[in-house]
There are 2 protein chains.
Amino acid sequence: MHTSFEGELGDRSAWALEHCSIAMTMDAIGQRSSILILREAFYGITRFDDFVRFTQGSEANVAVRLKHLTGLGLFTKHPYQDHGKRTRYEYVLTDKGSDLLPALFALLQWGDNYLQPEGTRPLRLEERATGEPVRIVARGASGTDLSLNDIAIIMDSNRASALTKNV
Amino acid sequence: MHTSFEGELGDRSAWALEHCSIAMTMDAIGQRSSILILREAFYGITRFDDFVRFTQGSEANVAVRLKHLTGLGLFTKHPYQDHGKRTRYEYVLTDKGSDLLPALFALLQWGDNYLQPEGTRPLRLEERATGEPVRIVARGASGTDLSLNDIAIIMDSNRASALTKNV
DNA sequence: ACCCTGACTTGATGATGTAGTAGCCAGTTC
DNA sequence: GAACTGGCTACTACATCATCAAGTCAGGGT
């Protein structure tokens, strides 16, 4: 076994779903269409019809998702006006939205490594300043890259003891 | 606009869904129950009934998901035998599965930062060797942490030109 | 020989996500 | 002021996700 809990493992079950950040995050943005919209936002897209075109989703669903993500505070709506057109709104990532960068690009990186046909690398991420490749990694304070074996998962002990054991 | 494509942006639409690693990854492991099972695997869980208990999923669905993820090569089945019991199989993460660590923990980290009630931090990730906190970050070759503004997304140009423009 | 248990499998049912079509509405063009 | 357009909403239909309940099946225990 790689990882270990420094705490009472048995008490996790009640806590697991209700307080787990991974489950909460999946419920908030886990829909495929939300992820694709966020992808386009990271690529620089801001306008409704561009989200529709590039995600190849239906207008109806993109509207629902943008409203949902805006309601969560991942996007803010900024008015703009093209020449000869009426005022529209563009959807701009907030800090809360931008902070999903590691999550989104980690999915990209894994898909590139394991799901793309051999030799394919449709997108590349570069550090703008140097042109060097960008990787998503787990890092310790010392700056080293960490793998699963290097990481301990620690549960707050007074939270652990507050849970009922319904295993 | 933060990020920019060094390439023909317009040609992306046809490519976007069929070859996008993010979409492919979501199709492979994007179901909520798959993510929760992978979470438990990272926490060290290997046995069927533990996955059921800790994800609070139905036996039926956990069986389907484990079979699916095993078929994808994220888990391998290893036989084990408890005293006085017949042989069972435990589900052990492969390298392909373990490499989802940045993706899973990035979701955890974001949820911790933005979705948890104020002052709550149910789980903490520590570097085992030093006890220092672990973070998931985008890093350049020079070792620096990068934000969206620092990253350029680059499209392979001969792939770009091969695409039909159906915008 | 019979029961029991753990790990599934099967089948029926409900919940959610997404597409498709159609319609609305504010402003812009004519 | 009539037609057009882009952005959105409403409604319907379908596919997938997930649950529940029941059944199967391979062994071990007695």
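So you know, we letter chains A, B, ... as the sequences are listed, proteins then strands, and number each from 1.
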Does a side-chain N or O of A:Gln31 approach OP1 or OP2 of D:dC17 to a distance below 4.0 Å, or not? no
Does B:Thr87 reach a base, just sugar-phosphate, or nothing at all? Heavy atoms under 4.0 Å. nothing
Side-chain N or O of B:Ser58 closer than 4.0 Å to phosphate OP1/OP2 of D:dC20: no
Does a side-chain N or O of B:Tyr80 approach OP1 or OP2 of C:dA7 to a distance below 4.0 Å, or not? yes
Quick one: B:Met26 CE to C:dG17 C1', roughly how many Å, whole number? 11 Å
Side-chain N or O of A:Tyr91 closer than 4.0 Å to phosphate OP1/OP2 of D:dG7: no
Should B:Arg47 be listed as having a side-chain N or O under 4.0 Å from OP1 or OP2 of C:dG6? no
Specify the separation, in whole Å, of atom CG of B:Leu69 and atom P of C:dC8. 14 Å
Just how far, in rounded Å, is P of C:dG27 from CZ of A:Arg88? 9 Å
For the base of D:dA26, is there a side-chain donor-acceptor partner from B:Arg86 under 3.5 Å away? yes
Please report the distance, rounded to the nearest Å, between CD1 in A:Ile37 and P in D:dC8. 12 Å
If you find the nucleotide of DNA chain D closest to A:Asp49 and the one closest to B:Val62, which residue's nucleotide is nearer the 5' end? A:Asp49
Mind checking whether B:Phe75 and B:Phe51 have parallel, tilted or perpendicular rings, split at 30° and 60°? perpendicular
Rounded to the nearest angstrom, tell me the gap between atom CG in B:Asp27 and atom P in C:dT18. 11 Å
Identify which nucleotide among D:dA21, C:dG17, D:dT9 has an atom closest to any side-chain atom of A:Arg65, counting heavy atoms from C-beta outward. C:dG17
Does B:Asn149 offer a backbone N or O that forms a donor-acceptor pair with the side chain of A:Arg128 under 3.5 Å? yes
A:Asp50 CG - D:dG6 P separation (whole Å): 12 Å
Has A:Lys67 got a side-chain N or O lying under 4.0 Å from the OP1 or OP2 atom of D:dT9? yes
Picking from C:dA7, C:dT10, C:dT21, which would you name as closest to the side chain of A:Ala60? C:dT21
Which residue, A:Glu59 or A:Gln81, contacts DNA chain C at a nucleotide closer to its 5' end, judged by nearest heavy atom? A:Glu59
Check whether B:Thr25 reaches the backbone of B:Ser21 with its side chain - one donor and one acceptor, N or O, closer than 3.5 Å. yes
So, does A:Thr94 use its side chain to make a donor-acceptor pair with the main chain of A:Leu74 at under 3.5 Å? yes
May I have the distance from B:Glu90 (atom CD) to C:dG6 (atom P), rounded to whole angstrom? 17 Å
Measure from CZ on A:Arg32 to C1' on D:dC17 and round the result to the nearest Å. 15 Å
Carboxylate-amine/guanidinium contact A:Arg88 A:Glu90, below 4.0 Å: no
A:Arg47 to A:Tyr80 six-membered ring, cation-pi geometry met (6.0 Å, 45°): yes
Quick one: is A:Asn61 getting a side-chain N or O under 4.0 Å of the C:dG17 phosphate, OP1 or OP2? no
